[in-house]
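In what follows, a single structure is set out as structure tokens and then discussed.
Note that these values count all heavy atoms, side chains included, but never hydrogens, waters or copies made by symmetry. Residue numbers start from 1 in every chain, and the chains themselves are labelled A, B, ... in the order their sequence lines are given, proteins ahead of strands.
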Number of protein chains: 2
Amino acid sequence: MTSQPEKHRITHIAEALQAHGHRLTEPRQALIEVLVGSEQHLDHAEILARAQQRIPQLGRATVYRTLELLTGLGLIHATYLGDGRQRFCVPSGGHHHHLICNHCGTVTDLDHCLLDDGLERFAQQHDFTVESHLVELYGICHDCQKAA
Amino acid sequence: MTSQPEKHRITHIAEALQAHGHRLTEPRQALIEVLVGSEQHLDHAEILARAQQRIPQLGRATVYRTLELLTGLGLIHATYLGDGRQRFCVPSGGHHHHLICNHCGTVTDLDHCLLDDGLERFAQQHDFTVESHLVELYGICHDCQKAA
DNA sequence: CTTGCTGCAAAATTTTTGCACGAAT
DNA sequence: ATTCGTGCAAAAATTTTGCAGCAAG
């Protein structure tokens, strides 16, 4: 029941936005807050709905435009959790890795990165600078294995 | 100038389809052939267009339905190459890993899996059976680094 | 002030659905 | 024979666009 740590990250993303020459507006603030404040991975519609709780007249188009902007700057990441729907999250802590159950659809977040070590070495071999990465593991979760 | 190896894989996917109790129809055959026969990662529209070269009257809906079916069975995989568009590929050889340049958009396929070793061990710790996985590395490619 | 950003509403695009016919098993 | 799968066309849902007014820097 606090918004202390969120405030901090809001500032972080917001500042990065401005650092790139973009304006920090009310709608953008709201959208960033929604993203930071959620433990879930939200899609366009969910993000819009939540942001409209603060700014009722906020338009769909703004959500699309802002999400594209933030994604392009690498300030947020898109993820794909098996339902073909694009979702977004703040890459805070660096864990945008998921275990996705093909059976029940449950998504478990991983706080440990499976690649970290091999990544840099690998990228250098390929002369490729990795700015971000996406790892999704699809399979059968603990509970569904028992159930079957 | 050969279709020998492709024929083999077509059979593989087709058989798996039937093994799951689904019918092997003309449209499905065509779609599988398109997927297997392409080195690219195609989206719905591209797959439709190519399949229609063989079956002109093939409908959009069938493409959506078949792609969903094959994906659900794990016979093909969805990938996300940075443009927010869902694409599909046959997981033959097991390399559905990509280097995606954030600057020019070029996609480079990796034939070596970055996870392989750690994967099984890791999954066991989490009591999760990995059926497939997706790894995408976003960054700046060789050429764009020079250009910049 | 000057631009960039926004909301609105329309347009374009994409995806889903219902249904009668045809085909695979 | 029986279902399952298909094409068609309409409907629904999603995403994009144009533009006048507002606001951030």
Rounded to whole Å, CD of A:Gln52 lies from C1' of C:dG7 at a distance of 11 Å

A:Gln86 atom CD is separated from C:dT14 atom C1', nearest whole Å, by 14 Å

With under 30° as parallel and over 60° as perpendicular, where do the rings of B:His97 and B:His133 fit, or are they tilted in between?
-> perpendicular

Using atom CD of A:Gln18 as one end and atom C1' of D:dA24 as the other, report the distance to the nearest whole Å.
-> 9 Å

Round to the nearest Å and state the distance from B:Leu17 atom CG to C:dA24 atom P.
-> 14 Å

Atom CG of A:Leu24 and atom C1' of D:dA23: how far apart are they, to the nearest Å?
-> 12 Å

Side-chain donor/acceptor of A:Glu136 to backbone N/O of A:Ile100, under 3.5 Å | no

Is A:Glu68 atom CD crowded by more than 12 heavy atoms from other residues, nucleotides or ligands, each under 6.0 Å away?
-> no

B:Leu48 CG - C:dT14 C1' separation (whole Å) = 12 Å

Between OG1 of B:Thr129 and CG of A:Leu99, what distance do you get to the nearest 0.5 Å?
-> 10.5 Å

With ring centroids as reference points, do B:Tyr138 and B:His98 lie under 6.0 angstrom apart?
-> no

Atom-pair distance (CG on B:Leu67; P on C:dT14), nearest Å = 15 Å

Look at the side chain of A:Arg23 and the base of C:dG4, then say whether one donor and one acceptor between them are separated by less than 3.5 Å.
-> yes

Is any side-chain nitrogen or oxygen of B:His22 closer than 4.0 Å to OP1 or OP2 of D:dG5?
-> yes

Between C1' of D:dA23 and CD of A:Gln29, the distance in whole Å | 14 Å

Is there a donor-acceptor pair under 3.5 Å between the side chain of B:Glu131 and the backbone N or O of A:Ile140?
-> no

Which nucleotides of nucleotides 6-14 of chain D have their base under 4.0 Å from a protein heavy atom (B), which only their sugar-phosphate (S), and which neither (-), written as one string 5' to 3'?
-> BBB-----S

